[in-house]
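Only this structure's heavy atoms are used, side chains among them; waters, hydrogens and symmetry mates stay out.
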Amino acid sequence: MQSFRSEIENPIVQKDILDLEAKIHLFKEGKIDEEKFRSLRLARGIYGQRQEGVQMIRMKLPYGKVSSKQLRRICEVSDEYSTGRLHITTRQDIQIHYVDISRTPQLWSELEKDEVTIREACGNTVRNVTASETAGIDPNEPFDVSPYAHGLFQYFLRNPIGQEMGRKFKVSFSASDADTGLSYMHDLGFIAKIENEVLGFKVMLGGGLGSQPRHADELFSFLPANQIIPLMEAVVRVFDRFGERKSRAKARLKFLIKDIGLEAFKALLAQEKTAVPFDTFEIDVANYPKVQIAKTTVPEVQIADQKAFQRWKSTNIVSQKQKGYVAIGIKVLLGDFYTDKARALADLVEKYAASELRFSLRQNILIPFVAEDLIPFFYTQLQQLGFTEEGYNKAVDITACPGTDTCNLGISSSTGIAEELERVIKTEYPDYIYNKDVVIKISGCMNACGQHNMADIGFQGMSVRTKNKLVAPALQVLLGGANFGNGTGRFADKVIKVPSKRGPEALRLILNDFDAHGNGRSFAAYYEQKGQMYFYDYLKPLSDVDNLTADDFIDWGNTEKYEQAIGVGECAGVVIDLIATLLLESEEKIQNAQQALDQEKWAAGIYHTYSAMVNAAKALLIAENLKTNTHAGIIADFDATFVASGKIRLQTSFESLVYQLNKNKPTAHFAYQYLEAAKAFLDTVGEYRTKELVEA
């Protein structure tokens, strides 16, 4: 593997990319443990695929906003390093697939030329900050949340407090009480509010999906906007220290809050307040980029099929608060489109709109700031690109994760069944093309990347076994999920499991019953009245596996017989560290701390110092074959195993040494003092480990 020279001017980004290249070299030479390398690459947006030897690359696009220039850059990178296919995720990111890991430093360097990053797009980090795709144009919004989402993204990118948590951390912003950012299913969700002319947010805490969805708690009914970053810093710090690390299934913030309770969590936040470097943090809204709308004449166009045009307008035009402008929604099947269309789209919005677009939570594209008199022209241009399918954000607009196409964790096909269900709706239930009430989502496994357990009608990939021990692909049918707005929602009930090939028939039965008995109610109200057992009995005949045909053993979109093949999931990057690697990392963290202090970044330096000490303590505990879980547990166990027993002599307990972190304000004096104490501790640990190896 040959070294390359990064052309990025930003020294921090350049160092990051060159460090990735160096780590890839060390991994290929066998000098870095495979599991540790996995953690490192995941935190840089490099995710293993189901297919051996290639990687998926995820680009972190805050609140889904992309400029024309950035989209063209993404296209260049996809064509050069991938297959030319772009995939929009349910977190407003872009993913590309089949990338050689040796080329990822170059790929990253190319993206950064237009400020597109892959840093912390995966792994145990603060993931992409999502937001309502209509932020800034929503007629019902109190104010534009975009600058706040962007400011939060910038603050936590590369922030040492969120680099090696027990699991990922997800944040959303909702433009209005409609809560289209889905605050109730996030670790932290912010809903825009104004009280007494002060801009702020309702704050939701501890939500999540997965196999055990949890509705977020209301943390604040109103929090001034200048306090959201200090609050999130405290939340992340507490989660990093007390969150589960051993069991991946219990390592999300929602489990910590469930275990200790909201009031105990609030008490931990209060204890952490001293260590947070700011009481308030003003986000620079004034310098957030202003919208620049292209000035152009309106081209004359002829539309042959006026009826099709009117149908498209009725489902794909989104009202905008700016007079004279609308947004255009593009329905993107399964979130997949190609670079040739993306380039044409980038050129179109640059010349005739505001040079930007938004990727949505439902894997679609929204073009804001289209002048009303340009709607016919845009229709003809989008029609040439195949981008005028009706039903933007309607029932026919089904969300699905990649499933068994590329994901290691996929159990059954999500994309194949999604295509079939869309076909069923279009051909058999055409009125649903205009129905925005019924939301259908599909995930290939329990992890809920397709958000199936918050949909009106959800499907989760599973498998089913016959009496003869034959295995067929299956779908768990979930019903009744709903977003009621302002931070309240309901998760769908698991109703019944059916073979995958019967998924379309399950949908038909559900829609037929809704049409017959809905009586004008919303699907959520209809389901609540009918109840879970009604649908279990109604759909039960579809669950019979004694009468499967040969076709039932072939999954949607496949021709070969189904084989259940689940790989190692990388969503959380579970790490099994070698002792030597941990101790080496501790030294690196001390170096990072010193560099931060040299730059007068006191809080960052203190946290690097803290991480170095906990890392070293973890190494010695592992050497004793003791389990390591939370940071708090490591600190307590180190005292019990090494300090109280006299094996290692410190001037104070390890707990007292380490927890100076949240007992002192992040000043220069304390930062240097803390660093020197940590260096002395690492020397002591190193001497103990050397002696231990000699005597072994």
Does any N or O in the side chain of [X] come within less than 3.5 Å of the main-chain N or O of [Y], such that one atom is a donor and the other an acceptor?
X    : Y    : value
Q363 : I88  : yes
Q322 : G136 : yes
N483 : S183 : no
R91  : K170 : no
N316 : E389 : yes
K394 : Y392 : yes
R521 : G518 : yes
D555 : N558 : no
D114 : Q70  : no
Q460 : H452 : no

Interatomic spacing from [atom1] in [X] to [atom2] in [Y] - rounded to 0.5 Å:
X    : Y    : atom1 : atom2 : result
S443 : Q451 : OG    : CD    : 8.0 Å
D515 : Y429 : CG    : OH    : 7.0 Å
I328 : I365 : CD1   : CD1   : 12.0 Å
F173 : T130 : CZ    : OG1   : 9.0 Å
L182 : T180 : CG    : OG1   : 7.5 Å
R73  : S67  : CZ    : OG    : 10.5 Å

- On the 0 to 90° scale, with breaks at 30° and 60°, tag the F143-F201 ring pair as parallel, tilted or perpendicular.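 F143 vs F201 ring planes: perpendicular.
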Can you say whether the rings of H97 and H87 are parallel (under 30°), tilted (30 to 60°) or perpendicular (over 60°)?
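Taking H87 first and then H97, their aromatic rings stand perpendicular (interplane angle over 60°).
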[X] atom [atom1], neighbour heavy-atom count above 12 within 6.0 Å:
X    : atom1 : answer
Y155 : OH    : yes
K426 : NZ    : yes
F484 : CZ    : yes
K321 : NZ    : yes
E80  : CD    : yes

- Begin with the C-alpha distance, continue with both residues' side-chain angles, and end with the deciding distance and a verdict on side chain to side chain contact (heavy atoms under 4.5 Å, CB included) for R358 and S146. CA-CA 11 Å; R358 291 277 180 96; S146 304; 3.0 Å; yes
State, to 0.1 Å, how close [X] and [Y] come at their nearest heavy-atom pair, and which atoms those are.
X    : Y    : answer
T90  : L361 : O-CD2, 3.2 Å
S176 : P142 : CA-CD, 4.4 Å
G181 : S132 : N-OG, 3.6 Å
C401 : T415 : O-CG2, 3.6 Å
I17  : P105 : CG2-O, 3.4 Å
W556 : S500 : NE1-O, 2.9 Å

Could you walk me through whether F514 and V438 pass the side chain to side chain contact (heavy atoms under 4.5 Å, CB included) check? CA-CA 10 Å; F514 179 47; V438 177; 4.0 Å; yes
Does a side-chain heavy-atom distance below 4.5 Å link [X] with [Y]?
X    : Y    : answer
I510 : V477 : yes
Y432 : L511 : yes
N486 : K193 : yes
D144 : V285 : no

For the pair [X] and [Y], find out whether any cationic side-chain nitrogen is under 4.0 Å from an anionic carboxylate oxygen.
X    : Y    : value
K441 : D456 : no
K331 : E422 : yes
E133 : R362 : no

Quiz prompt | Summary of side chain to side chain donor-acceptor pair (under 3.5 Å) pairs that have at least one residue in residues 375-387, sequence neighbours excluded | solution =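 Counting only pairs at least two positions apart or across chains, the side chain to side chain donor-acceptor pair (under 3.5 Å) contacts touching residues 375-387 are Y379-Q383.
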| side chain to side chain donor-acceptor pair (under 3.5 Å) contacts in which one or both residues fall within residues 299-312, not counting sequence neighbours |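 Pairs touching residues 299-312 that pass the test: R311-E390.
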Evaluation steps, side chain to side chain contact (heavy atoms under 4.5 Å, CB included), between L209 and F491: CA-CA 9 Å; L209 295 179; F491 294 115; 3.4 Å; yes
Check side chain to side chain contact (heavy atoms under 4.5 Å, CB included) between A346 and all other residues, then give those that pass, not counting sequence neighbours.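 Result, side chain to side chain contact (heavy atoms under 4.5 Å, CB included) vs A346: S68, L71, R72.
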Next item on the list: List for me each residue that meets side chain to side chain donor-acceptor pair (under 3.5 Å) alongside K351, sequence neighbours excluded, and say none if there are none.
Entry: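 Applying side chain to side chain donor-acceptor pair (under 3.5 Å) to K351 gives none.
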*Could you pull out all residues at least two apart from Y352 that satisfy side chain to side chain donor-acceptor pair (under 3.5 Å)?*
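Side chain to side chain donor-acceptor pair (under 3.5 Å) check on Y352 returns nothing, list empty.
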Would you kindly say whether D284 and N287 are connected by a side-chain donor-acceptor distance under 3.5 Å?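 D284 vs N287: donor-acceptor pair found between side chains.
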Check against side chain to side chain contact (heavy atoms under 4.5 Å, CB included), I118 and T104: CA-CA 10 Å; I118 62 175; T104 53; 5.5 Å; no
_If the condition is ring pair (Phe, Tyr, Trp, His ring centres under 6.0 Å), which residues does F359 pass it with, not counting sequence neighbours?_
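Per chain and number, F359 pairs via ring pair (Phe, Tyr, Trp, His ring centres under 6.0 Å) with no residue.
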